[in-house]
Visitor: 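Here you go, one structure.
Chain A is the first sequence line, chain B the second, and so forth, proteins listed ahead of strands; every chain is numbered from 1.
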Protein chains: 2
Amino acid sequence: MPRRKSATEPAARGRPRAYDTEAALKQVTETFWRTGYSGTSLDKIAAAAGMSPPSLYAAFGNKHALYLEALARYWELTLAATREALAGDRPLAEALMLAYDAALSFYIPRKGAARGCFVIGTAVAEAVEDAEIRKSVATGLRMIDADFEARLCTARERGELKQDADPAALAVLASATMHTIAIRARAGARRAELREIARKATSVICGCPVEADCAATRSHSSMESE
Amino acid sequence: MPRRKSATEPAARGRPRAYDTEAALKQVTETFWRTGYSGTSLDKIAAAAGMSPPSLYAAFGNKHALYLEALARYWELTLAATREALAGDRPLAEALMLAYDAALSFYIPRKGAARGCFVIGTAVAEAVEDAEIRKSVATGLRMIDADFEARLCTARERGELKQDADPAALAVLASATMHTIAIRARAGARRAELREIARKATSVICGCPVEADCAATRSHSSMESE
DNA sequence: CATATTTTATAACGTTCGTTACAATTATTG
DNA sequence: CAATAATTGTAACGAACGTTATAAAATATG
């Protein structure tokens, strides 16, 4: 599996690559996202990536390794988006709504059809039988939980939550809200409906009303319009 | 698709069936549950049902119709279990915990490996591309939401919730809690961990602490030990 | 007991699956 | 300009896919 190792490499001996690995992986992710791991053939993957099957195998290994790489890349992007939303000095409700809006821009891109969450829509299906996928899912879920809990602990320290609030319990609900949105997006729910769910959940978690336009920043994720 | 219409039928003309339709469907569901729709071949299905492919087709149509029937049966069973848990004069916290315990007995049977929720683990993956499956998922989710909301409305009337509580918002969280449990079960989470999640969520929803052994009735679902 | 009817099991249908040999192509190296 | 090295596209591999034709088997009817 010879991949480019560094930008300042001596040379490139043989015939040059006709593809960009990152761009190909992006397209492959897009394909798995819609039809899942088992439901996506290598022919369709190759067509989406604009690569021939042998090139695909040289670059990524096999179908399974390719999916794992797509899954890892997805976690990186979504975890970063969630952390960015929760970071900073925003009020708790705004931070949470920002996180849900970021998720929504992944789940329902402004261009293209709704597809929900890559993990919940495709990886969860394989997780029971596939130990590697299961581990990736479990680890990712745990990290999101931890990010929410950290933010809720901060909120309590700052007096944004009542002193007797349970950050761990509220973090569970914050994660659960993201999960239910991911599921409903894949089941065809409208964006506005899902945002309303996010708003209601945030109200309960924060213990105060949240306006409909809270944190409506129209941010554009890089993954949004692939 | 000639199926038995009534128990008091005149006779049975040709060679008698060697299978029981309901028992076969149960086994088929079990198989789809683990490996999903796309990931389960008809050979495996036939083996699980103890039927040959032609009998399978005569009884159910084709693979797709068979899956839809399994999905419909699953919704019936789980909706009934949820309604039974929420019905009656139990305190709200006990009713919710009973619903989560019922779900857990589906997701992690006491005999056999964990498998999560059939809908969230297998149907959600197909929902994006398959309109019929998508509709079944959307309808089922809506019914669970409605059941939770009705119970929460009752709770507010009974004074179990503060008068300014929002039953619709709390219902979203009650459903979301079930969804996150379903996802985590498929990702390998332990039963105790998931029950703790249910307990914490119930505490927040009800606005009061919930003991760890609340509603621990060890009920046995018919689907639990298939 | 022959006929009609239904389900059975076997085996096959053409297609698609994931994967890989192979030879042609395109670059660098000496 | 050879020689070497890497990647390309094509075409193939056997296996598995969903589905169905076919004929034997098992029942009720007349």
Visitor: Quick one: label B/Ser52 by what it contacts on the DNA or RNA (base, sugar-phosphate, nothing), any heavy atom closer than 4.0 Å.
Guide: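 It contacts base atoms.
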
Visitor: Would you indicate which nucleotide in C/dT8, D/dT27, C/dT19 comes nearest to any side-chain atom of B/Tyr19?
Guide: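 The listed nucleotide nearest to B/Tyr19's side chain is C/dT8.
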
Visitor: Between C1' on C/dT6 and CZ on B/Arg17, what's the gap in Å once rounded to a whole number?
Guide: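 My rounded result for the distance is 9 Å.
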
Visitor: When you get a sec, tell me which of C/dA4, D/dA26, C/dT20 is the closest nucleotide to the side chain of B/Arg13?
Guide: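 Among C/dA4, D/dA26, C/dT20, the one nearest the side chain of B/Arg13 is C/dA4.
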
Visitor: If you apply the rule side chain to side chain donor-acceptor pair (under 3.5 Å), what do you find for A/Asp147 with A/Thr82, and how did you get there?
Guide: CA-CA 8 Å; A/Asp147 289 343; A/Thr82 304; over 6 Å; no

Visitor: Could you check how far CG of B/Leu56 sits from P of C/dT6, rounded to whole Å?
Guide: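 After rounding, the reported distance stands at 20 Å.
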
Visitor: For A/Arg15 and for A/Asp43, locate the closest nucleotide of DNA chain C by heavy-atom distance; then report the residue assigned to the nucleotide nearer the 5' terminus.
Guide: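 Of the two residues, A/Asp43 wins.
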
Visitor: What are the two closest non-hydrogen atoms of B/Arg17 and B/Tyr19, and how far apart are they?
Guide: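 It is NE-OH, 2.7 Å.
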
Visitor: Would one find a side-chain N or O of A/Asn62 under 4.0 angstrom from OP1 or OP2 of C/dG18?
Guide: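 No, no such contact exists.
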
Visitor: From C-beta outward on A/Tyr57, which listed nucleotide comes closest to its side chain: C/dT19, D/dA26, C/dA9?
Guide: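 That would be C/dT19.
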
Visitor: Counting any heavy atom closer than 4.0 Å, what does B/Ser38 reach on the DNA or RNA strands: base, sugar-phosphate only, or nothing?
Guide: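 Touches nothing.
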
Visitor: Given side chain to side chain donor-acceptor pair (under 3.5 Å), test B/Tyr67 with B/Thr122 step by step and report yes or no.
Guide: CA-CA 10 Å; B/Tyr67 179 83; B/Thr122 74; 2.7 Å; yes

Visitor: Can you tell me if B/Ser55 touches the phosphate of C/dT8, counting only side-chain N or O atoms and a distance under 4.0 Å to OP1 or OP2?
Guide: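 Indeed, a polar side-chain atom of B/Ser55 lies that close.
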
Visitor: Looking only at side-chain N and O atoms, does A/Thr177 offer a donor or acceptor that is under 3.5 Å from a partner on A/Thr180?
Guide: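 Looking only at side-chain atoms, A/Thr177 and A/Thr180 do not form any donor-acceptor pair under 3.5 Å.
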
Visitor: Hey, does the side chain of B/Ser41 come within less than 4.0 Å of D/dA16's phosphate (OP1/OP2), counting only N and O?
Guide: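 For D/dA16, neither OP1 nor OP2 has a side-chain N or O of B/Ser41 closer than 4.0 Å.
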
